[in-house]
Amino acid sequence: MAGLYTQNSSCVKINLKKFFGASPMLVQTSAAVIPFLGSEIQASYKASRVVILPIPYEATTTYRKGTENGPDALLEASIQLEYYDDELEREICKDARIYTHGAIADTRGGQQISAQTMLTDTRDTVSGLIDDGKFVIAIGGEHSITTGLVDAYRQKSHEPFTVVQIDAHGDLRHEYEGSIYNHACVMRRIVDMGLPTLPVAIRSLCQEEADLIKQKSIPVIWARHIAQNPHWIEEAIATIPTERVFITIDLDGIDPASMPGVGTPEPGGLHWYALLTFLRRLFETHQVIGCDVMELAPVVDSVVSQFTAAKLVYKLIGYQTLAQRW
Ligand SMILES: N=C(N)NCCCCNCCCN
Ligand SMILES: [Mn+2]
Ligand SMILES: [Mn+2]
């Protein structure tokens with residue numbers, strides 16, 4: 001059955017009846033969903049505050065493949081997380097009320113889905129979730145998906161917002177390998193929308209991207225700078241021109257020592273506590289309207305990447321819970 005979760009022996013037992021067709025959304029979803037943190041704490045859609053939206057879409061990755069397997073790997077790993085957050089000193093999931101949506105734009109099983117269809121499905125699904133007052137964390141899937149997410153917030157938001165991008169790459173090419181929807185172009189699409197951006201941990205780009213950064217004065221926080229300047233977090237936050245932010249996390253922004261499961265790894269990335277300190281400050285100082293965690297491409301015989309990605313999603317939920325005083 002397409003999309004039914006049957007991968008490896010350590011998979012969680014889930015109540016298929018409970019989760020079959022549980023999605024209230026327009027877009028056709030996969031048959032079975034692995035609920036984030038497990039079925040015991042899963043809220044109903046109606047009662048939920050946080051919605052995890054899996055988008056297992058992959059079409060344009062260029063080096064290691066496997067981002068379409070990212071969402072299920074992350075969800076499966078999340079079952080191993082402790083509910084208690086030692087930093088926030090509480091069981092965040094008790095207050096956050098988390099619902100895991102069915103997968104959309106699912107290319108597993110070889111379906112060809114055009115970039116346009118993926119972006120439209122993503123935008124329309126997220127628009128519905130925003131209408132219902134949900135805080136959405138999308139999990140990918142390749143980074144090109146973020147254009148659809150940002151489009152939904154642009155449609156729904158009356159106030160301007162900044163897209164904070166954590167990434168090794170600029171993703172600012174106009175076009176790559178024949179497509180303007182390649183994952184290496186996602187931030188260019190967002191700059192073209194006229195939105196301010198704050199790229200963080202960047203350490204890989206081409207001449208075209210370097211020229212665009214100068215021409216548009218994009219306030220890049222280079223990975224080199226982060227490694228040498230203990231004040232980078234306050235400096236980065238001070239450059240954000242709007243009260244509201246959308247956070248897009250390409251997992252290759254993290255150092256590959258702790259995040260090897262990405263398609264295009266780059267040395268010299270963010271370390272775990274630096275990333276968390278930055279994110280916590282961002283949630284404290286700005287209104288985060290939504291987030292994504294993209295480009296997880298699991299490595300065979302290692303669970304480090306998916307567990308770290310799952311814990312990162314839980315930290316995002318924790319910081320939002322604190323900011324909202326839930
Ligand atoms: N966002 C990304 N992951 N971008 C990856 C770009 C790949 C650049 N290859 C360059 C090869 C030149 N010989
Ligand atoms: Mn990247
Ligand atoms: Mn990227």
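Counting starts at 1 for both ligands and their atoms, following the listed order.
- Inclusion of T264 in the set of residues having an N or O under 3.5 Å from an N or O of ligand 1 is warranted.
- Side chain to side chain, H183 and D250 fail the donor-acceptor criterion of an N or O pair below 3.5 Å.
- Between D252 and ligand 1, no N or O atom pair is found at a separation short of 3.5 Å.
- A salt bridge links E87 and R280; the closest N-O separation between the charged side-chain nitrogens and carboxylate oxygens is under 4.0 Å.
- Taking distance alone, with nitrogen or oxygen atoms compared against 3.5 Å, R173 stays at or beyond that limit from ligand 1.
- Shown here, atom 10 (C) of ligand 1 is in close reach of the protein: a heavy atom of it lies under 4.0 Å off.
- Look at D167 and the Mn ion (ligand 3): an N/O/S atom of the residue is under 2.8 Å from the metal.
- Figure legend: K134 and Y45 shown as a cation-pi pair, the cationic atom lying under 6.0 angstrom from the six-membered ring centre and within 45 degrees of its axis.
- The minimum heavy-atom distance between T285 and E243, with the atom names listed, is O-OE1, 4.1 Å.
- Among protein heavy atoms, the minimum distance from atom 1 (N) of ligand 1 is reached at D171 OD1, 2.5 Å.
- One finds an angle of 170° at the Mn ion (ligand 3) between OD2 on D171 and OD2 on D250, to the nearest 10 degrees.
- Distance from atom 7 (C) of ligand 1 to its nearest protein heavy atom, with residue and atom name: Y176 OH, 3.6 Å.
- With hydrogens and angles left out, the side-chain atoms of S114 and T117 include a donor and acceptor closer than 3.5 Å.
- Take the N/O/S atoms of H169: the one nearest the Mn ion (ligand 2) is ND1.
- Between D85 and R90, none of the side-chain N atoms (NZ, or NE/NH1/NH2) sits under 4.0 Å from a carboxylate O, so this pair counts as no salt bridge.
- Looking at atom 4 (N) of ligand 1, its nearest protein heavy atom turns out to be A184 CB, 3.7 Å.
- For the Mn ion (ligand 2), the set of nearby N, O or S atoms under 2.8 Å includes none belonging to H183.
- L322 CG to I317 CD1: the interatomic distance, rounded to the nearest 0.5 Å, is 13.5 Å.
- Taking the Mn ion (ligand 3) as reference, H143 places its N/O/S atom ND1 nearest.
- A cation-pi arrangement is found for R173 relative to Y176, the charged atom lying closer than 6.0 Å to the ring centre and inside a 45° cone about the ring normal.
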